[in-house]
Amino acid sequence: MADEEISALLGRVALRDRAAFAALYRQTSPKLFGIALRILKDRSEAEEALQEIYVKVWERAERFASGEASPLSWLAAIARNHAIDLLRVRKPVANAIDEAYDLADPAYDPERSAVIRSEGRRIDACMEELEKDRADAVRRAYVEGLSYEELAEMFAVPLNTMRTWLRRSLLKLRECMER
Amino acid sequence: MTTQKPESGDSRRDEVIAGEYVLGVLSAEDRRKVEARMATDRNFAAMVSRWQSNLASLDAAYEPVALPPHVYAAIERRIFDAATDTRPSPGLWNSLALWRSLALASLAAVVVMAGAMAGLFSSAPSGQRLVADLAGQGNAVNLVARFDAASGRLSLTPAAASQAEEKSLELWLIKGDDPPISLGVLPQSGEGGILLAPGMHRQLTPGSTLAVSIEPLGGSPTGAPTGAVIAQGRARSL
């Protein structure tokens with residue numbers, strides 16, 4: 001469905017319009033449920049999560065700024081973040097962001113590309129520049145909400161290798177998108 | 001090989017952490033740290049939202065799945081049975097701190113006027129004055145709306161006008177669960193006032209909500225809000 005239509009519904013939801021909320025739910029819930037189900041892999045848990053997701057949508061609709069993001073992406077991000085939060089609580093993984101990051105290699109220098117371009121390249125084209133298994137790891141992390149531990153096991157590489165793969169891939173993607 | 005210290009404000013590292021957050025690979029605790037930083041560090045928050053929009057095309061991988069009807073019923077119960085007023089206003093109030101000091105002077109002027117005119121318009125309901133603070137998350141524009149029932153004038157003071165090119169700001173009145181009613185389009189620049197139709201006077205009561213949406217130039221083509229709501233607030237007695 002058209003972005004403008006969802007934007008308009010979100011605008012009305014921000015004004016506490018129940019009919020608009022029902023319409024928004026009808027139009028978008030199959031997609032958001034698909035997200036919750038894919039990440040949580042459990043139907044009743046995903047149904048419960050979907051309820052919480054739409055409560056958040058109701059509460060946060062006023063924060064949606066059209067023009068900034070596509071409305072469906074904005075909704076999808078709420079759904080993904082919520083499902084991933086549940087997943088990480090259900091099955092904790094190691095904390096990492098306070099440790100050292102090994103980021104050698106890609107030539108990305110954010111200072112050099114200080115001008116943020118609004119569009120940049122499509123992520124798909126940039127994913128193709130990554131080695132195939134790394135692109136797969138990025139995609140599976142995003143789509144299925146896999147942790148570093150699960151990815152390492154799946155690709156049969158040590159945990160730290162997987163971390164390095166993904167972190168460098170992120171820098172390569174950033175560099176590619178701004179090229 | 002270079003490694004960065006955790007405390008160094010390394011922007012490559014920040015880019016990676018922002019990307020990891022959006023990918024979803026971080027632990028629950030790390031996710032909360034990232035979100036806390038997003039709330040205080042605009043550059044970092046911008047990195048996260050850039051990854052968000054960059055990676056959003058991967059959402060195409062999610063197949064829609066139909067839901068049983070009882071799920072929506074449960075959502076409605078959660079939202080609408082919880083409380084009639086789902087949103088207390090402290091969040092709005094906090095974000096208003098900045099402009100409110102600016103507006104204090106003009107508010108004071110209104111209060112003085114109200115005092116001076118009390119003798120002229122002493123019959124209670126028609127002398128009613130309301131004020132509402134309207135604020136949006138992105139703070140593109142903040143407004144204070146004042147309504148004087150005696151003159152039927154609703155005046156608006158924008159604290160910061162947005163760079164709305166070829167767009168209009170439209171003001172809406174929302175009462176309970178009713179659909180929003182358009183009160184009119186705000187003047188394109190500076191302080192704006194809208195003269196309310198007499199039939200509207202009774203509608204504008206304490207507790208009703210005023211909201212401003214971004215609309216095509218000239219106002220919503222449909223009679224209902226079509227664009228983003230940039231500010232809203234509840235009317236209270238002055």
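Each chain gets a letter, A, B and so on, in the order its sequence line appears, and its residues count up from 1.
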B:E20 portion near chain A, given a 4.5 angstrom heavy-atom threshold: both
Portion of B:P180 that has a non-hydrogen atom of chain A nearer than 4.5 angstrom: side chain
Best-contacting candidate, A:D17, A:L32, A:I53, A:V55, against chain B by heavy atom pairs under 4.5 angstrom: A:V55
Part of B:A61 within contact of chain A (heavy atom distance under 4.5 Å): both
Salt bridge (Lys or Arg N to Asp or Glu O under 4.0 Å) involving A:D42 - partner list, sequence neighbours excluded: none
Side chain / backbone / both / neither for A:L50 at chain B, heavy atoms under 4.5 Å: both
Cation-pi geometry met for A:R18 and A:W58 (6.0 Å, 45°): no
Minimum side-chain heavy-atom gap A:R168-A:R134 below 4.5 Å: no
A:F21 and A:Y54 aromatic ring geometry - parallel, tilted or perpendicular at 30°/60° bounds: perpendicular
Lys/Arg-Asp/Glu bridge criterion (N-O < 4.0 Å) met for B:R77, B:D81: no
Lys/Arg N to Asp/Glu carboxylate O, B:E15 vs B:R12, below 4.0 Å: no
Options A:R139, A:R163, A:R80, ranked by heavy-atom pairs under 4.5 Å with chain B, top entry: A:R80
Proximal component of A:I35, with respect to chain B [non-hydrogen, under 4.5 Å]: both
Side chain proximity check, B:S11 to B:M47, heavy atoms < 4.5 angstrom: yes
Under 4.5 Å from any heavy atom of chain B - which part of A:A61: neither
Residue part contacting chain B, namely of A:A77, when any heavy atom lies under 4.5 Å: both
Among the listed options B:I75, B:D59, B:D30, B:D178, the residue most often paired with chain A at heavy-atom distances under 4.5 Å: B:D30
When B:P225, B:P64, B:A56 are compared by non-hydrogen pairs under 4.5 Å with chain A, the top option: B:P64
Geometric class of the A:F155/A:W165 ring pair [parallel <30°, tilted 30-60°, perpendicular >60°]: perpendicular
Pair A:E47 + A:R43: basic N to acidic O under 4.0 Å: yes
Heavy-atom contact with chain B under 4.5 Å, split by part of A:E149: neither
Atom group of B:A60 that falls short of 4.5 Å from chain A, counting heavy atoms: backbone
Contact class of B:I174 relative to chain A, heavy atoms under 4.5 angstrom: side chain
